[in-house]
Protein chains: 2
Amino acid sequence: MAQAAGVSQSTVSLVLGGKWRGRVSPATARGVREAAERLGYRLNVAARNLRLGTTRTVMLIVPTLDNPFFGPVYTGVARIAARNGFGVVVYPWPEAARGDGAGGSPDGGREAADAERGGEGDGANGLFGGAREAVDGILAMSMAEEALRGFPGTPAVMLDSDPAGAAPTVVFDVAGGARAIAAHLAALGHRRIGHVASAVDAWTFRARGGALAASVEALPGGTLVRTETAIEAGAAREAAGRLLDGPEPPTALVCDDDLIAAGAYKAARARGLDVPRDLSVTGMDDVLLATALEPELTTVGLPAEELGAEGMAALLAVLDGERPPACSLPGRLVVRGSTAPPRAARP
Amino acid sequence: MAQAAGVSQSTVSLVLGGKWRGRVSPATARGVREAAERLGYRLNVAARNLRLGTTRTVMLIVPTLDNPFFGPVYTGVARIAARNGFGVVVYPWPEAARGDGAGGSPDGGREAADAERGGEGDGANGLFGGAREAVDGILAMSMAEEALRGFPGTPAVMLDSDPAGAAPTVVFDVAGGARAIAAHLAALGHRRIGHVASAVDAWTFRARGGALAASVEALPGGTLVRTETAIEAGAAREAAGRLLDGPEPPTALVCDDDLIAAGAYKAARARGLDVPRDLSVTGMDDVLLATALEPELTTVGLPAEELGAEGMAALLAVLDGERPPACSLPGRLVVRGSTAPPRAARP
DNA sequence: GCGCATCAGTCATACGTACCACCCCAGGGC
DNA sequence: GCCCTGGGGTGGTACGTATGACTGATGCGC
């Protein structure tokens, strides 16, 4: 390439690296670029990374791609990253989110494959997957801190995760959201409230449940009945059904997220209950589904894109050697058609 | 590190790289691993990538993270990749999917940022973002082939994209799915059918629309009325409404995906029409939403995970220098509660 | 005409790994 | 005692880039 352009390798690096101003004449620079274009030559990323000791790329770890909620989070991250010359790569890591294998390396089945090919645990830590590990920083969304153990020494910020940990965090004020829902239902006259909780063992759900329980119990005459549900379709419906079929069924169901609320709708319909006349239902997250349901769902909207942006900003601070303060973003109660006064409170 | 373990750098590389069997004694190998553990030492990924000229990582490009449909696709890709010692990284690239900027580099705002910092287009092609570009192969989901222009020379397989292109493809048989829906509605007695099409200009939607139109027009007395909708919430409702408010409204609405179908439900309800008694509605994709709706949606389930797995297998073949044959995966019509004979056909 | 500054570019080196070629040593056959 | 073999390990080099130190040429002030 260098001789194709009639210059030295240094000059090629200068030009293609974009820092030629004042060192290389515009004419020469143009010549180099044209030669590169002609030959389809591009700078070798691995060599650059090695030389610079940096990749200017961060990794966003998410529990799954099945949840559209992470879309806007990525958007926020990518926006701030781009503005600062960073790239973003997404790494879905369900094992870490579920807790199994969170202590291990981020290789998932790779180690198994390694062993299969005769490795029998030699490498000890996952060695394959260059690009995935070659990042300057990590944003871990809805994860336990153990998830970071696979990346010792890599700067990290936790999103929507327990702020009590060692790593800096940016979280939603999910407790505030839960309190807002409780206050809304209390104002409508509800006292006997059901909580259809997510079975996922994550800080965000623990925090929602805790705040909800505290709010309801502080209510005169308030009682909370609780059940858990997996995310599989149908499971939420069954779980909500358990509460509705119990003695003294609740007049309102608070669901840990919007998808669970959809299950609650179906449980209500199956029992001939009208939402919201016979049963109020609330969700959390305000994803597209919330307005696709009939009636539209009362829920708490969480600023997902802002979370991503704040998280990336915090990570940039960490990379600059600073220690960003913990950050909590408030949600917003969105009252739609799924909540109303309980039957008994009406004339 | 080498002297900490009392061996040469070569031996460290051998041991940590996992190919020491027969070259290093087990005792020495253990010593090296212990020293590495003690020092928190790990092999440098960038150096390895440079030396080997490979990263054993592939990139899955998706149009957006907002759509849960891509979750299972990733799962399928990751499964096959892991089995073969490859890592997978996800790169959401909305600009490419929309067609604007598809001819450019995969840098999105990065070039803008570059210019901002004084680059004024010098680098020409995106130079930042080491990890994102350092991949051995690309799987591009629901993309136009132009999206690959940003990665000249990188082996690629297109998923759910126009099979007429130069790159190998793995697609859903969306045309077959559309025909199955048309046949189902025809069997129920529907003749006047509305098509609420996605405004996204992608092969998959063009193929759906084309097959549907052909099927309906082949029907004795069959007519198809068509409208387009954006993905924004509410837009689908409005679009469906346009068809329902026209002269001689259709007795069935075929929607390009499940989310659009949810909008159609709302349009029907707003007009006092019962689904499926007054109006049949169908979707496509069979995402979770399909069973969250009431009534549950008749739709076509697409084998998303299988698509990912087949795609990754095809990419591995390409990396081996082979030329995998085009592959088309059939969908499966799932008849649920949203379709029924039209009113006129009933006694 | 001379010294000095500036411009345009090159040289040489280091980044950390993988692996070929080599070396050393112990043991064994004869 | 000598050659051979093979196991166990090391030396040295190349991968392609970025960059500080250096060089040669040109222009300019005096």
Side-chain angles (χ1 to χ4, degrees), chain A residues 1-33 35-36 39-57 85 119 122-131 133-134 136 153, chain B residues 1-33 35-36 39-57 85 119 122-131 133-134 136 153:
Chain A
M1 167 62 203
Q3 63 264 41
V7 297
S8 74
Q9 178 269 323
S10 307
T11 306
V12 174
S13 173
L14 251 11
V15 173
L16 263 26
K19 9 189 113 172
W20 54 276
R21 235 159 313 258
R23 316 253 299 138
V24 177
S25 76
T28 308
R30 188 162 353 99
V32 170
R33 276 198 298 268
L39 303 176
Y41 177 86
R42 324 193 78 187
L43 288 180
N44 180 307
V45 180
R48 166 191 282 246
N49 291 346
L50 173 60
R51 174 67 227 247
L52 293 180
T54 181
T55 59
R56 290 200 83 76
T57 299
D122 51 17
N125 28 34
L127 292 170
F128 295 95
E133 293 182 6
D136 291 346
Chain B
M1 166 63 204
Q3 62 263 42
V7 297
S8 74
Q9 178 270 325
S10 304
T11 306
V12 173
S13 172
L14 250 11
V15 173
L16 263 27
K19 9 190 112 172
W20 53 275
R21 234 159 314 257
R23 318 254 301 136
V24 177
S25 75
T28 309
R30 188 163 350 100
V32 170
R33 275 198 300 268
L39 304 176
Y41 176 86
R42 325 193 77 186
L43 287 179
N44 180 306
V45 180
R48 167 190 283 245
N49 290 347
L50 173 59
R51 176 66 229 244
L52 294 180
T54 181
T55 59
R56 291 201 81 77
T57 298
D122 50 18
N125 28 34
L127 292 169
F128 295 95
E133 293 181 6
D136 291 346

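Reminder, nothing fancy here: chain letters follow the sequence lines and each chain counts from 1. Note that the structure is predicted; figures quoted are calculated from it, not measured.
Close to dA18(D), at under 4.0 Å from its OP1 or OP2, lies a side-chain N or O of Arg48(A). OP1 or OP2 of dG9(C) has at least one side-chain nitrogen or oxygen of Thr28(A) nearer than 4.0 Å. For dA18(D), the OP1/OP2 oxygens have no side-chain nitrogen or oxygen of Lys19(A) closer than 4.0 Å. For Ser8(B) and dT10(D), the shortest distance from a side-chain N or O to OP1 or OP2 is below 4.0 Å. Put simply, Ser25(A) has a side-chain N or O that comes within less than 4.0 Å of OP1 or OP2 on dG9(C).
Side-chain to base pairing of Ser10(B) with dC19(C): one donor and one acceptor N or O lie within less than 3.5 Å of each other. In terms of polar N and O atoms assigned as donor or acceptor, the side chain of Arg23(B) never comes within less than 3.5 Å of the base of dG8(D) in a complementary pairing.
Taking atom CG on Asn44(A) and atom C1' on dT17(C), their separation rounds to 14 Å, with Å as the unit. In this structure, Trp20(A) places its CH2 atom 14 Å from C1' of dG9(C), rounding to the nearest Å. Taking atom CE of Met1(B) as the reference point, atom P of dT10(D) lies 12 Å away to the nearest angstrom. Rounded to an integer number of Å, the gap from CG of Leu43(B) to C1' of dA18(C) is 10 Å. Between Gln3(A) atom CD and dT10(C) atom C1' the separation is 15 Å, expressed in whole Å. Spacing between atom CG of Asn49(B) and atom P of dA18(C) amounts to 10 Å, rounded to whole angstrom units.
With DNA chain D read from its 5' end, the first of the two nearest nucleotides for Val24(B) and Arg51(B) is the one closest to Val24(B). Nearest-nucleotide assignment on DNA chain D puts the 5′-proximal partner with Gly6(B), out of Gly6(B) and Leu50(B).
Using a 4.0 Å heavy-atom cutoff across all strands shown, Val12(A) reaches no nucleic acid atom at all. Using a 4.0 Å heavy-atom distance criterion, Leu52(B) is classed as a sugar-phosphate-only contact.
Side-chain proximity of Thr11(A) to the nucleotides dG16(D), dA18(D), dT10(C) is greatest for dT10(C). Counting only heavy atoms from C-beta on, Gln9(B) has its side chain closest to dC19(C) among dG16(D), dT19(D), dC19(C). Side chain of Leu14(B), nearest nucleotide from dT10(D), dT10(C), dG16(C): dT10(D).
A donor-acceptor contact under 3.5 angstrom links the side chains of Ser8(B) and Thr11(B), judged on distance only.
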TODO: Apply the test side-chain contact (heavy atoms from CB on, under 4.5 Å) to residues Tyr41(B) and Val12(B): give CA-CA distance (whole Å), side-chain angles for both, the deciding distance (0.1 Å), then the verdict.
DONE: CA-CA 11 Å; Tyr41(B) 176 86; Val12(B) 173; 4.3 Å; yes
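Applying the side chain to side chain contact (heavy atoms under 4.5 Å, CB included) test between Thr28(A) and each of Val15(A), Leu14(A), Val7(A) identifies Val7(A) as the sole match.
Shown here for Gln9(A) and Ala2(A), the closest heavy-atom pair between the two residues is N-CB, 3.7 Å. Minimum heavy-atom separation, Ala47(A) to Leu50(B): CB-CD1, 3.7 Å.
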